[in-house]
Every structure is written in structure tokens, then in C-alpha cells.
Amino acid sequence: MRMSKLVGRRIKEDPKDAVTISHKYLIRGGYIRPVSAGICSLLPLGKRIIAKIENIIREEMNAIDGQEVLMPVVLPAELWQESGRFETVASELLRFKDRNEKDMLLGMTHEEAVVHLTRTEVSSYKQLPVMLYQIQTKYRDEARPRAGLIRAREFTMKDAYSFHPDQECLDNYYELAHEAYVRIFKRIGMSQVVSIQSDSGMMGGKVSHEFMALADCGEDTIFISPDGKSYLANKDVAVAAWKYGEKTDVLELEKVHTPGKESIEDVAAFLGMKPENTGKAVFYVDDDENLIFAMIRGDFEVNETKLKNALKVPNLYFATDEQIRNAGAEPGYASPLSLDHDKVKIVVDNSIAASSNLVVGANEADYHFKNFNLERDLADAEITDIACVREGDPCPVTGEPLQIKRGIEVGNIFQLGTKYSEPMNCNFLDQNGKSHPMIMGCYGIGVGRAMASVIEQSHDNWGPVWPLPVAPFQVQICSLNPNKEGVGEAADRLYEELREAGIDVLYDDRGEKAGFMFKDADLIGVPFRLVLSPKTLPNNQVEFKRRGEKESRLMSRDTVVAELKVMIDEEMQKYL
RNA sequence: CGGGGUAUAGCGCAGUCUGGCUAGCGCAUCUGCUUUGGGAGCAGAGGGUCGCAGGUUCAAAUCCUGCUACCCCGACCA
């Protein structure tokens, strides 16, 4: 590619709206252009990178017997009504009507579509297991797109779906898919990707992992053991080996006057105690307005994801004061004592069960009780873990203090089970001619998000430093003073030779000032740079520099093509 | 969906408070000359529905009303 013809201008200044590194460089380098909030076009440079990422993904999916398909972006609502998701998924699903007033939607994920395909094409145990995948545009009507490609409304996704006759087969394949994902991210050149335990959310299913690119701008919070491998989990599901201290003798309940002390900190300070000597009450309601009373020790926060999973409800909302009063409790002074158990579902954290003589509300303004003990005062409560892990809490595996990191979710894998196959009648016949729903897994990768994540992890003050396997070009030629000493003609010849050698080469033939071309080259981030100039060409030499390194060195013009081929091969080996 | 901010040339901005010459600056673009090792200089040129719609006024980028879009924080997020 000749730079004089390349569409996509470089921009000298940071765009005012961009906050993250990847967003800035994707705009400044001429990789993407925004069209609307969370919607953008890919320019030639961006498209080249995306194509390389897609090909790596494709190779690895094919290597685990995946078959590539392409499903529609526009789907009929009836398909989503079969699974029930047309109603349950909220406003991220863009719905519309066609000219015949038929309900349609833009696909945001394709479980329904792939089940539709599989139930018509696959019916025997002899055909299983099978995995279908596609690389396709998805649309999610995000409430708040941000950070360029990190959270977009329209984006490219690789989504794969596997079908199995039994759980063991899925377990085995899930492991294969996990290994394929590890290879994919290594080949893309992301050095810091971890697979963590995660919540499966609206996708359903039990076992799931997220692949997180560690980056400060990431939206997800991850807890990691200090060794970086013993324990890794999303904050939504993270657990810790909490030590709650010793149980002590149960004391008599004692009502105390605590005027105006509503918060845990105020009450504890007023009574000369610590937050961990108190019990905190948090009220929620679910979609059916059932009231839920969650109780946890004062020094912890309730983890709503854990609570949702414990209650098996999709959504929880903070209860209003009115709803709390209707159940016989007093906001700010709510108590597990004297609650109407018929009107409220009670869930208690392990921390409460493990503690003695806590301060709790008295269900009466300006009063608390001392010496609450679960086993005496609330014996029938459901006890489980609904606590948020805190930084420094002991790792459940090693006991070391857990660390917090931020991550960008670039991929995820789920075991779906029969969540879709059962309601949608995706069945197969076993050896005995008996019909069973297929057991499913699904496996996603955000392609654009992966490109942005590579920049987040691989850049310097001048632009991205692309790993060779995904770089838009492998080699860039800068021709300085092309009208002197035959530099221009020599650069033309070198460009042709490199192309004939099968090397992806970008040729800056514009004859701009050196600094101008170098700045552009930095923004394009091509791994290998060759400079031809009147300074070295008369000696039959070209300058060679790796992107990201300071030092350059001279190469003989006669051997440069061969040397580059070797270097490219060696460099590619590092990512396998 | 709640809170905050912005909207003037392709990009970045000034001008708006206090209404008043032909709406300005830097970068980018085009022409010519000089330059050429980390975003060059000189000279010239093109480019605007001042987000949209109403209103006030002799006069609106500027004041008033409504709307829209975009960005940031939060809620939400397979």
C-alpha cells in the first residue's frame, strides 16, 4: 500500500471526547471514525487489523472442529418468543416492526438463531457433538456507549455454539474451547489476559468464564490472588476465606436509645463499637414487588449478584421507605426482630451467622438492640454468602490478601445446558431412538474490543505498538528526500521486492519531512520500519528500526528482504 | 433512566456574560517558491444554514422558549 493513497488521515491532537488510550489512538491514527454514539466505521487500517484478528480466531475455531456459518442480523420476534427472551431481555434488544407490522429485532446474540438452524439440520447422536460459529455484526442498544470500541452499540463478535448429547461431552469440549481461547489471545498479542470465574447473567447456565484483558480503563473489577493464578474471579462472584472471629456467649437482648443514629458508622461510634459488631439491614424488592430483607455484618456490603442468584430472581431494586414500612419495619432502624416473616423473604449472610451479640435496629425510630444472635433471634433464616469481597480479604485458595484489578471483557464462555434447547425443541435421538434436548455451550469474543484492548496493553507516547500477527502492515518503508540520490527509485524497487516476497508493506512515498513521516509511522505502529535516505543509500545501506525500540541499525540493501523474512518468521513464532 | 457538560469550517478552539462593521484563530486542504533526520518557512487561495425550530429586537452566534445530537459520572450491561 502506498501511503499517498491510503484513506484515513492522522490527527495531530487528541480528540476532545476520547478518554482512553485506545480511543485516542484509534481516532488519531485513522483506524476508525465515529458515526453516531457507539457506532463507527472502520477505515482501511482498522479493517486490516480486524481482518487479521478474525483470521486468527477462525483458525483456532476450525482447529476445534468449528464450522463457520453466517446467521441473519435481523430476526423475527417469534424466534425469541420461543425462548422467552423477547419478553425478558430489556431495552438493549432493539425491536421494530417491518412493513407488515410484524415484530422484528436486531440480533444481539444468536442462541435462538443457532438453535433454529441446528434443530432443522441435526437430529442424531451420530452428528454430535457439533460446533457452529460466525463472525458477525451485533447490535445492542446500550444505554451508555463509551470509550470508542470498548463499549459500542454496533460491534463485531465471534459467537460460537456447541451441541452435545450429554454433560460429560460438553465438559470436555468446554475445556477445549478454553484452551483455544488462551491460544487466540496469545496469538493476537495480548500479554495480559486472564480467565476468571464469572456470573452467567441473562445467558443462563452454570459454568462460565470471562477472558479479561487487564487494563486500568476496564469496566470490570477482578479479584486476583497475589501470585496472579491461584484465584481469579469477577467481583460479582468472588468469594474470600473470611475469618469472622470467635463466637462468644449469647447475652440478653438490650434495647438502647440511639437518637438520630441511622448509619452503621454513626451507631457503632455512638455505642463505642466497630461496624463489625453491628448487623446491617438492606431491603430489596423483586419484579413482583416481593420484599426481600438482606442482612449482613456492618463492615460488609451486600453483593446483589449473589443475592439474585440465591433468590433465583433476575432483578432486584432497592425498596422504598413505604414498602419497608408496609412490612412492619422502620427505615434506618430496620430490624430482623419482629419482622413479619409472611411479608418478607429473609436472606442472611454467613458473617451474621458467625458473629455474636450484634447491634441491630429495633424497628423503632431512634432505638437499636444490642446482643442480636442469629441462632436465638432468627433461627429460620436462609444463610448463605451474599457479601462483596473487599481488597485485602483472604484468598479462598492461598489465604493471601486478594488484589483488585480492572479488566476489559474480551471473551466469555458459558455452559448453557438445555436453557435454549428445551423450550425450543432442539432434540436428538440417542442409540435407543429416544429423544433428548441437546446440551449446549456458547463462546463469544468481541473482535473490536480485542483490537482496542491490544492498544491498551501495547502502546507508547507516540501511538500503538502493534504485535506483528495483527499489525496492519508488517513493514513500513519511509523514503526521505526521494528526489535525491535516486532514493525514490530505490524505494520503489524495494517496495516491489518486499511485496513479491509476500510481505505486507506500507510504503510512505509522500516525500514529506522526516519528522512528519516518523510521527505518522508511530501512529500506525507497524512493527518493522525501513528508512531510505541520501545519507545511507549511496553506501548501499538502509536503516532498520523496530517500533517501540529506540535504537536503529543499518542493513545492507542487498540482503534486507531476506533478513526481514527471517525476522518476521522469528517474530511470529513468539506468538504461537 | 438520573446528574453534569458541550454544540461556531474536516479537527481543536475564541467570540456569547454586556446583541451592532464582511464571524475570527491554530492545524488540516489547494497553488507557487524555499525547505527535508522527530509534525518546516514565506506568499496566496478555498472552505460556515454559528446543532434544529420558534420568539424578542431596527439588528441575534450572542437574549428567551422548545427540541435534538454528542461527551462525562452513575444506574444498567449476553
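In this text, all values refer to a predicted model and were calculated from it rather than measured experimentally.
Remark: B:rG20 base-pairs with B:rC58; criterion is Watson-Crick or G-U wobble with both hydrogen-bond distances under 3.5 Å. Nucleotide B:rC1 forms a pair with B:rG74, judged by Watson-Crick or G-U wobble geometry with both contacts under 3.5 Å. Within the shown strands, B:rC52 is the pairing partner of B:rG66 under the Watson-Crick or G-U definition, both distances less than 3.5 Å. The base-pairing partner of B:rC11, taking Watson-Crick or G-U wobble contacts with both distances under 3.5 Å, is B:rG26. For B:rC42, the paired base is B:rG32 (Watson-Crick or G-U wobble, both distances below 3.5 Å).
Using cut-offs of 30° and 60° on the angle between ring planes, the pair A:Y507 and A:Y495 is tilted. Note: A:W466 and A:Y31 have perpendicular aromatic rings, judged against thresholds of 30 and 60 degrees for the angle between ring planes. Note on ring orientation: taking the six-membered ring where Trp is involved, the planes of A:F211 and A:H178 are tilted (angle from 30° to 60°).
When the C1' atom is compared between B:rG10 and B:rU29, the two are found 9 Å apart, to the nearest whole Å. Across B:rU8 and B:rG24, the matching C1' atoms stand 10 Å from one another, rounded to whole Å. A gap of 27 Å separates the C1' atoms of B:rA9 and B:rG54, to the nearest Å. Separating the C1' atom of B:rU56 from that of B:rG19 is a span of 11 Å, rounded to the nearest Å. As rounded to the nearest Å, B:rC72 and B:rC63 have C1' atoms that lie 28 Å from one another.
A straight line from CD of A:E92 to P of B:rC1 spans 13 Å, rounded to a whole angstrom. Atom pair A:D508:CG and B:rG37:C1' shows a separation of 14 Å (rounding to whole Å applied). Rounded to whole Å, the distance from NZ on A:K138 to C1' on B:rC77 is 16 Å. A:D141 places its CG atom 20 Å from the P atom of B:rA75, with the value rounded to the nearest Å. Atom pair A:L94:CG and B:rC76:P shows a separation of 22 Å (rounding to whole Å applied). Whole-Å rounding puts the A:I524 CD1 to B:rG39 P distance at 17 Å.
Interface remark: the A:N481 side chain does not form any donor-acceptor pair with the B:rG37 base, using a distance-only criterion of under 3.5 Å. You won't find any donor-acceptor pair under 3.5 Å spanning the side chain of A:E512 and the base of B:rG39, going by distance alone. Below the 3.5 angstrom threshold, one finds a donor paired with an acceptor across the side chain of A:R151 and the base of B:rC77.
Side-chain N/O atoms of A:S36 include one lying less than 4.0 angstrom from OP1 or OP2 on B:rC70. An OP1 or OP2 oxygen of B:rC73 is reached within less than 4.0 angstrom by a side-chain nitrogen or oxygen of A:R144.
Sequence order on RNA chain B of the closest nucleotides to A:R449 and A:A147 puts A:A147 first from the 5' end. Take the nearest nucleotide of RNA chain B for A:E543 and for A:E13: the residue whose nucleotide is more 5' is A:E13.
More than 12 heavy atoms of other residues, nucleotides or ligands lie within 6.0 Å of NZ in A:K138, so this atom counts as buried by the packing criterion. Within a 6.0 Å sphere centred on CG of A:N539, heavy atoms belonging to other residues, nucleotides or ligands number more than 12.
Closest contact between the side chain of A:R9 and the listed nucleotides B:rU29, B:rG37, B:rC27 involves B:rU29.
Side chain to side chain, A:Q415 and A:D171 meet the donor-acceptor criterion of an N or O pair below 3.5 Å.
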